[in-house]
Colleague: 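Below is the structure I would like to discuss, written out as structure tokens.
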Number of protein chains: 2
Amino acid sequence: MFSDREAPLYEIKANLFKGLAHPARVRILEILADSPGQSCPVSTLLEGTGLEASHLSQHLATLRRHGVVTSVRTANSVTYSLAHPKIAELLAIARTFLLDTLADARQQLEAASALPGFGTATTHDGAA
Amino acid sequence: MFSDREAPLYEIKANLFKGLAHPARVRILEILADSPGQSCPVSTLLEGTGLEASHLSQHLATLRRHGVVTSVRTANSVTYSLAHPKIAELLAIARTFLLDTLADARQQLEAASALPGFGTATTHDGAA
DNA sequence: TGATGAATTGATGAATTCATCATATCTTCA
DNA sequence: TGAAGATATGATGAATTCATCAATTCATCA
């Protein structure tokens with residue numbers, strides 16, 4: 001098992017996505033991305049996410065381990081920042097993709113319900 | 001439990017990243033992204049990834065469920081395509097971010113080993 | 001029709017990740 | 001010094017995800 005460096009890039013990439021693969025962590029990154037300087041203290045994240053402190057801290061640790069955020073202690077508070085502007089870009093692109101996709105899905109739903117034999121039309125993709 | 005639509009965007013986003021969070025799936029997407037028309041038959045993916053057929057198929061099913069790829073059956077083979085150009089963009093940005101980050105890490109390692117008391121300098125970030 | 005190739009689905013134990021709770025560290029201030 | 005606030009770390013059972021193997025579907029062609 002290699003811990004980055006030495007591993008093929010697609011493994012490292014997968015690992016990065018794994019780091020982003022949790023609602024709480026995405027939320028944290030969104031808050032950071034929207035904050036001035038893409039950084040803010042833990043207390044703000046605490047409010048913004050509504051998580052319990054230790055839970056938040058664990059997600060922050062995960063994000064740190066994945067190199068997605070950095071932290072600096074100032075007096076008795078810790079400030080987190082996005083480690084790289086590309087992270088914000090990643091989130092923005094995911095957003096565009098999802099909005100496009102969701103719009104399409106809604107449209108297909110409407111089109112489907114306008115069809116004659118409506119009621120149990122399956123699209124081979126499940127999700128009744 | 002909501003299955004997209006109705007869920008806050010950050011949950012849907014996290015879900016998308018979860019779909020990308022596996023080396024095999026990233027590899028599959030990379031191959032598709034580099035193929036003409038961002039699509040290719042399963043047989044090509046089979047070769048490209050070196051996975052066992054059923055294993056590959058399961059990952060493809062996951063990607064389909066996440067709306068990241070689409071599939072079309074043509075005669076006795078199935079062709080997969082990226083569902084949206086933004087997916088390729090997502091991978092490209094991840095790549096840039098990682099290359100930047102890895103370069104920095106290497107640089108820090110070199111800088112560290114040039115220091116006087118080398119051997120056990122901890123950066124509070126772990127990774128001895 | 002039925003054998004063959006291509007791809008998918010199902011089932012199961014092993015490995016990871018998650019949420020929760022208790023405890024520990026670090027800093028300030030009385 | 002030591003009490004209090006702000007964060008972080010550890011440990012544990014519950015829930016997910018993964019890898020592997022067997023079985024199934026779909027289309028072609030003899």
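To find a chain, count down the sequence lines: A is the first, B the second, and so on, and within it residues start at 1.
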Colleague: Please confirm whether the shortest side-chain N or O distance from A:Arg64 to OP1 or OP2 of D:dT9 is below 4.0 Å.
Modeller: yes
Colleague: The criterion is side chain to side chain contact (heavy atoms under 4.5 Å, CB included); which residues satisfy it with A:Glu52, sequence neighbours excluded?
Modeller: A:Ser54, A:His55
Colleague: Between A:Thr74 and B:Leu46, who's closer to the 5' end of DNA chain C by nearest nucleotide?
Modeller: B:Leu46
Colleague: Does any N or O in the side chain of B:Thr96 come within less than 3.5 Å of the main-chain N or O of B:Ala92, such that one atom is a donor and the other an acceptor?
Modeller: yes
Colleague: Using a heavy-atom cut-off of under 4.0 Å over every strand shown, decide if B:Ala53 touches base, sugar-phosphate, or nothing.
Modeller: base
Colleague: Measure from CZ on A:Phe17 to C1' on C:dT17 and round the result to the nearest Å.
Modeller: 19 Å
Colleague: Are B:Leu90 and B:Leu20 close enough, and set up right, to give a side-chain contact (heavy atoms from CB on, under 4.5 Å), and what steps lead you there?
Modeller: CA-CA 10 Å; B:Leu90 221 43; B:Leu20 307 180; 4.0 Å; yes
Colleague: Roughly, in whole Å, what's the span from CG in B:Leu63 to C1' in D:dT17?
Modeller: 14 Å
Colleague: Using five base pairs at each end to define the local axes, how bent is the helix from C:dT1-D:dA30 to C:dA30-D:dT1, to the nearest 10°?
Modeller: 10°
Colleague: Side chains of residues 33-48 of chain A: which donor-acceptor partners sit under 3.5 Å, not counting sequence neighbours?
Modeller:
{"unit_1": "A:Ser35", "atom_1": "OG", "unit_2": "A:Ile31", "atom_2": "O", "d": "2.7"}
{"unit_1": "A:Ser39", "atom_1": "OG", "unit_2": "A:Gly37", "atom_2": "O", "d": "3.4"}

Colleague: Below 3.5 Å between N/O atoms, which protein atoms pair up with nucleotides 18-21 of chain C? Just atom names and distances, please.
Modeller:
{"unit_1": "C:dC18", "atom_1": "OP1", "unit_2": "A:Arg25", "atom_2": "NH2", "d": "3.4"}
{"unit_1": "C:dA19", "atom_1": "OP1", "unit_2": "A:His22", "atom_2": "NE2", "d": "3.4"}
{"unit_1": "C:dA19", "atom_1": "OP2", "unit_2": "A:His22", "atom_2": "NE2", "d": "3.0"}
{"unit_1": "C:dA19", "atom_1": "OP2", "unit_2": "A:His55", "atom_2": "NE2", "d": "3.0"}
{"unit_1": "C:dT20", "atom_1": "O4", "unit_2": "A:Gln58", "atom_2": "NE2", "d": "2.8"}
{"unit_1": "C:dC21", "atom_1": "N4", "unit_2": "A:Ser54", "atom_2": "OG", "d": "2.8"}

Colleague: Just checking A:Ser77: base, sugar-phosphate only, or nothing, at a heavy-atom cut-off of under 4.0 Å?
Modeller: sugar-phosphate
Colleague: Donor-acceptor check, side chain of B:Thr62 to backbone of B:Gln58, threshold 3.5 angstrom: yes or no?
Modeller: yes
Colleague: In whole angstrom, what separates A:Leu51's CG from D:dA8's C1'?
Modeller: 15 Å
Colleague: Would you say A:Tyr80 reaches D:dA8's phosphate, i.e. side-chain N/O to OP1/OP2 under 4.0 Å?
Modeller: yes
Colleague: Can you tell me the distance, in whole Å, between the CD atom of B:Glu47 and the P atom of C:dG5?
Modeller: 17 Å
Colleague: Atom CD1 of B:Ile28 to atom P of C:dT8: distance rounded to whole Å?
Modeller: 10 Å
Colleague: Starting at CZ of A:Arg73 and ending at C1' of C:dC26, how long is that distance when rounded to a whole Å?
Modeller: 5 Å
Colleague: Does any N or O in the side chain of A:Arg25 come within less than 3.5 Å of the main-chain N or O of A:Leu60, such that one atom is a donor and the other an acceptor?
Modeller: no
Colleague: Who are the ring pair (Phe, Tyr, Trp, His ring centres under 6.0 Å) partners of B:Tyr10, not counting sequence neighbours?
Modeller: none
Colleague: If the condition is side chain to side chain contact (heavy atoms under 4.5 Å, CB included), which residues does B:Arg95 pass it with, not counting sequence neighbours?
Modeller: A:Leu9, A:Lys13, B:Leu99
Colleague: Check every atom of D:dA6, D:dA8, C:dT8 against the side chain of A:Leu60 and return the nucleotide holding the closest atom.
Modeller: D:dA8
Colleague: For A:Ala83, does its backbone N or O pair with a side-chain atom of A:Ser81 as donor and acceptor, under 3.5 Å?
Modeller: no
